[in-house]
Amino acid sequence: MNLFRLFGDLSHLASILILLHKIQTTRSCRGISFKTQALYVTVFVARYLDLFYDWVSLYNFSMKVFFISSSIYILYLMKVRFRPTHDPSIDTFRAEYLVGPCVVLALIFNYKFTFPEVLWSFSIFLESVAILPQLFMLQRTGEAETITTHYLAALGAYRALYIPNWIYRYFSEGVVDPIAVIAGLVQTALYVDFFYVYFTKVLQGQKFELPA
Amino acid sequence: EHGHEHHDEL
């Protein structure tokens, strides 16, 4: 564990708490892509199945339980509790175009051709693109509530912090995890546009609005 | 081989 990874994980944790806070206080899931959230559940369930047979640490265990349960809870909030506030007509990104290629990639690129390892690779590839329906929705509506942008910023910061973590681990432990690193770089790159608007507008006190 | 017997990152 190093500080980059710790702060990355805490940022991930914060992003979910911000999202829950947004939904609970506004009593609405407006502006949130159900597809992205459903993809995250898929990612967490596929990756954290090792919860049942591989003990890493209490930290690791608690985080996994939190990520799986909170992401399922968010789906419940969107589909049941605040269902009327979710508008599927603007959440139109075809998620199956993401899942299919990730299955194929996982079958080709994995560390061992076993079920858990292929599932792990799949979750890494899927996580790297899971934010696309959300970003697509943002692009389509051209604006976002400030709280939603804080959620995305925390999520992007988590990904960004994993990069110095890998550099640190390369020098301190001599390990490289090429699948995680390549997918992670792709994932972080997807946030570049968002961060540009976030830094130049939201953090200057303006509303998140994309140029027409 | 990527150096870990298990995946220790989240």
Side-chain angles (χ1 to χ4, degrees), chain A residues 1-2 4-6 8-13 16 43-44 46-51 53-57 59-68 109-112 116-117 119-121 123-124 127 158-159 161-163 165-166 168-170 172-184, chain B:
Chain A
M1 179 60 76
N2 58 65
F4 298 116
R5 205 165 129 206
L6 178 64
D9 290 343
L10 291 179
S11 184
H12 194 186
L13 204 68
I16 293 171
V43 166
F44 294 143
R47 191 179 311 163
Y48 299 156
L49 277 179
D50 64 355
L51 204 60
Y53 56 86
D54 207 352
W55 180 263
V56 180
S57 63
Y59 170 84
N60 193 281
F61 177 84
S62 331
M63 290 296 241
K64 286 174 176 173
V65 171
F66 175 79
F67 288 132
I68 293 180
F109 302 101
N110 52 66
Y111 293 125
K112 219 192 273 175
E117 283 296 313
L119 218 51
W120 178 85
S121 281
S123 82
I124 293 288
E127 185 191 351
Y158 142 63
R159 289 320 310 183
L161 283 162
Y162 258 64
I163 296 174
N165 154 61
W166 292 320
Y168 180 90
R169 294 192 79 175
Y170 171 72
S172 66
E173 300 164 44
V175 294
V176 183
D177 184 336
I179 292 178
V181 170
I182 292 167
Chain B
E1 186 48 49
H2 62 122
H4 298 290
E5 53 226 73
H6 51 217
H7 302 290
D8 63 346
E9 290 181 350
L10 288 164

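Throughout, a chain's letter reflects where its sequence line sits, starting with A, and its residues are numbered from 1. Predicted, not measured: the structure shown is a model, and the values here were computed from it.
- In this structure, no portion of A:Y53 lies under 4.5 Å from any heavy atom of chain B.
- The part of A:Y48 that comes within reach of chain B is its side chain, from C-beta onward, which places non-hydrogen atoms under 4.5 angstrom from that chain.
- No more than 12 heavy atoms of other residues, nucleotides or ligands shown are found within 6.0 angstrom of OH on A:Y170.
- No more than 12 heavy atoms of other residues, nucleotides or ligands shown are found within 6.0 angstrom of CZ on A:F4.
- Between the side chain of A:N60 and the backbone N or O of B:D8, at least one donor-acceptor pair lies under 3.5 Å.
- Residue contact with chain B, scored on non-hydrogen atoms closer than 4.5 Å, involves the backbone of A:W55 exclusively.
- Interatomic distance, A:D177 CG to B:E9 CD, rounded to the nearest 0.5 Å: 6.5 Å.
- In this structure, CG in B:L10 is found 8.5 Å from CZ in A:R47, a value given to the nearest 0.5 Å.
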